[in-house]
There are 2 protein chains.
Amino acid sequence: MQTEHQIKLENQLCFSLYATSKEVIKLYKPLLDTHGLTYTQYIALMVIWEHEAISVKALGSKLYLDSGTLTPLLKKLELQGFVTRTRLESDERTVIVAPTLAGWQLQKDILTVPESLYCQLQHTAADLFTLKKQLDLLLETLVK
Amino acid sequence: MQTEHQIKLENQLCFSLYATSKEVIKLYKPLLDTHGLTYTQYIALMVIWEHEAISVKALGSKLYLDSGTLTPLLKKLELQGFVTRTRLESDERTVIVAPTLAGWQLQKDILTVPESLYCQLQHTAADLFTLKKQLDLLLETLVK
DNA sequence: TAAAATTAAATTGTACACAATCTTATAAGT
DNA sequence: ACTTATAAGATTGTGTACAATTTAATTTTA
């Protein structure tokens, strides 16, 4: 019975995570569309802006993504003129990604995104509450 | 300052959701691999098992997925012999998905998945705690 | 009841996601 | 120095995601 309970608990959590994550990402879409960005491109840029210059490797470990995903994504951002990709002189294996002037301008233009998204989070409150309950339950049993 | 706080809060939540969701899905991978299933196929089967027979439309609304994703996915499950896809006689537009005998057997075989995954959740405890904190903070401001 | 609107899947095209492999560059071991 | 091992990206192949369009079936409505 204990096991039965755990199975359900865990399933609900994984599904809540999956569903809530999707809901929130979906909120970003229209806002990012106006800037010609996808969600993954957006979070990649967030990390790039934060570090000002970062290797593909380091970027990947922050985003839990590998070069198979990042290489084409960064090439697109480069094509759009938002970042540069440069091999490190001291180690030609490493590619450094950094914002261009247009990339820094984009950061300014995009400041409104998280703000207007925050207002919309009201619409996902139910999902967030469900997730919270499941998290609380799970963490309680994990910790004991 | 309030706005600044909201921006950061929101960014952290969306990223926590993204990261934690990925972490948990990654835990499933080796377990599901042994059954030849992907994570999406697994959660689709979970819903199909629960309903015993369900339309593509209804399945999609449960999983937040459309026919563009589900049609190829269900064709693969059909090819693997786990489900049947049948047009409804009373409405030829609707496709009903149901488990085959092999599909029901798979359900029995796969019961161990959530159990052994639950044990591994310990490893994601830190992420889960971060997510919980952000959820609590956010919900507090959303509710007030 | 015939035309228009709606609906459910399927299809098409773009963009991740990730395992596996390949290429090139650097580091280690002999 | 030479071989081997390791490391960082790029590439390839499969599998989602999802918007947009298409097709065929069912409803609605004029």
Side-chain angles (χ1 to χ4, degrees), chain A residues 18-19 21-30 32-45 53-80 83-97, chain B residues 18-19 21-45 53-80 82-97:
Chain A
Y18 164 89
S21 186
K22 276 192 140 182
E23 291 274 336
V24 173
I25 289 175
K26 201 167 289 180
L27 288 181
Y28 277 86
K29 196 137 211 301
L32 293 178
D33 273 353
T34 67
H35 295 280
L37 293 177
T38 65
Y39 180 75
T40 313
Q41 287 170 354
Y42 172 67
I43 59 172
L45 279 171
I54 188 172
S55 70
V56 173
K57 171 85 175 167
L59 182 60
S61 81
K62 297 244 173 231
L63 297 176
Y64 302 83
L65 296 174
D66 67 7
S67 66
T69 302
L70 287 177
T71 296
L73 183 148
L74 294 171
K75 280 184 178 172
K76 271 166 223 153
L77 287 179
E78 188 183 37
L79 213 69
Q80 291 177 274
V83 303
T84 57
R85 301 188 313 130
T86 324
R87 295 260 166 199
L88 202 60
E89 257 186 55
S90 59
D91 184 345
E92 292 280 347
R93 290 171 303 182
T94 301
V95 169
I96 300 294
V97 185
Chain B
Y18 164 90
S21 186
K22 277 192 139 180
E23 290 274 337
V24 174
I25 290 175
K26 202 168 289 179
L27 288 181
Y28 276 86
K29 195 139 212 299
L31 298 164
L32 293 177
D33 273 352
T34 67
H35 295 282
L37 293 177
T38 65
Y39 179 75
T40 312
Q41 288 169 355
Y42 172 66
I43 59 172
L45 278 171
I54 188 172
S55 70
V56 172
K57 172 83 174 168
L59 182 59
S61 81
K62 298 245 173 232
L63 297 176
Y64 300 84
L65 296 174
D66 67 6
S67 65
T69 302
L70 287 177
T71 297
L73 184 150
L74 293 171
K75 280 184 178 172
K76 272 166 222 152
L77 286 179
E78 187 182 38
L79 212 68
Q80 291 177 275
F82 294 134
V83 303
T84 57
R85 301 189 312 129
T86 324
R87 295 260 168 200
L88 202 61
E89 255 185 60
S90 59
D91 185 344
E92 291 282 346
R93 290 171 304 181
T94 301
V95 169
I96 300 294
V97 185

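Here is the naming used below: chain letters follow the sequence lines, and residue numbers restart at 1 for every chain. Since the structure is predicted, the reported quantities are computational estimates derived from the model, not experimental observations.
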Query raised in the report: For B:Glu78, what residues pass the side chain to side chain contact (heavy atoms under 4.5 Å, CB included) criterion, not counting sequence neighbours?
Result: B:Val83, B:Arg85

Query raised in the report: In whole angstrom, what separates B:Glu89's CD from D:dA25's C1'?
Result: 15 Å

Query raised in the report: By side chain to side chain donor-acceptor pair (under 3.5 Å), which residues pair with A:Tyr18, not counting sequence neighbours?
Result: A:Lys22

Query raised in the report: Can you name the closest pair of heavy atoms from A:Leu73 and A:Ala44 and give their distance?
Result: CD2-CB, 4.0 Å

Query raised in the report: If you pin B:Lys76 and A:Lys22 to their nearest nucleotides in DNA chain D, which one's is more 5'?
Result: B:Lys76

Report summary line: Rounded to whole Å, the CG-C1' distance (B:Leu73 to D:dA17) equals 11 Å

Requested in this report: Could you check how far CD1 of B:Ile25 sits from C1' of D:dA17, rounded to whole Å?
Outcome: 12 Å

Check nucleotides 21-24 of chain D for protein N or O atoms closer than 3.5 Å to its own N or O atoms and list the pairs.
none

N/O contacts under 3.5 Å, protein versus nucleotides 11-13 of chain D?
residue	atom	partner	partner atom	Å
D:dT11	OP2	A:Lys75	NZ	2.8

Requested in this report: Kindly state which residues belonging to residues 55-63 of chain A come within less than 4.0 angstrom of DNA chain C, counting heavy atoms of the residue only, listed by number.
Outcome: none

Query raised in the report: Over how many whole Å does the gap from B:Leu70 atom CG to D:dA17 atom C1' extend?
Result: 10 Å

Report summary line: In the 5' to 3' direction, the nucleotides of DNA chain C bounding the stretch that comes under 4.0 Å of a heavy atom in chain A are C:dA15 to C:dT26

Requested in this report: Report the relative orientation of the aromatic rings in B:Tyr28 and B:Tyr39; use parallel for angles under 30°, tilted for 30 to 60°, perpendicular for over 60°.
Outcome: perpendicular

Requested in this report: Report the distance from atom OH of A:Tyr28 to atom P of D:dC18, rounded to the nearest whole Å.
Outcome: 16 Å

Below 3.5 Å, can you tabulate the donor-acceptor pairs from side chains in residues 56-72 of chain B to any protein atom, sequence neighbours excluded?
residue	atom	partner	partner atom	Å
B:Ser61	OG	B:Ala58	O	3.1
B:Asp66	OD1	B:Gly68	N	3.1
B:Asp66	OD1	B:Thr69	N	3.2
B:Thr71	OG1	B:Ser67	O	2.9

Query - Separation of A:Ile96 CD1 from A:Leu88 CG (nearest 0.5 Å) - result: 5.0 Å

Query raised in the report: So which nucleotide from D:dA25, D:dG9, D:dA17 ends up closest to the side chain of A:Tyr18?
Result: D:dA17

Report summary line: Result for side chain to side chain contact (heavy atoms under 4.5 Å, CB included) between A:Val97 and one of A:Thr84, A:Leu74, A:Thr86, A:Leu45 points to A:Leu74

Query - Those residues that, when tested against A:Arg93, pass side chain to side chain contact (heavy atoms under 4.5 Å, CB included) (two or more places apart) - result: A:Asp91

Which side-chain N or O atoms in residues 31-38 of chain B pair as donor and acceptor under 3.5 Å with protein atoms at least two apart or in another chain?
residue	atom	partner	partner atom	Å
B:Thr34	OG1	B:Leu31	O	2.7
B:Thr38	OG1	B:Gln41	N	3.2

Report task. Using a cut-off of strictly less than 4.0 Å between a heavy atom of the residue and any atom of DNA chain D, enumerate the qualifying residues of residues 29-41 of chain B by number. Result -> B:Thr38, B:Thr40, B:Gln41

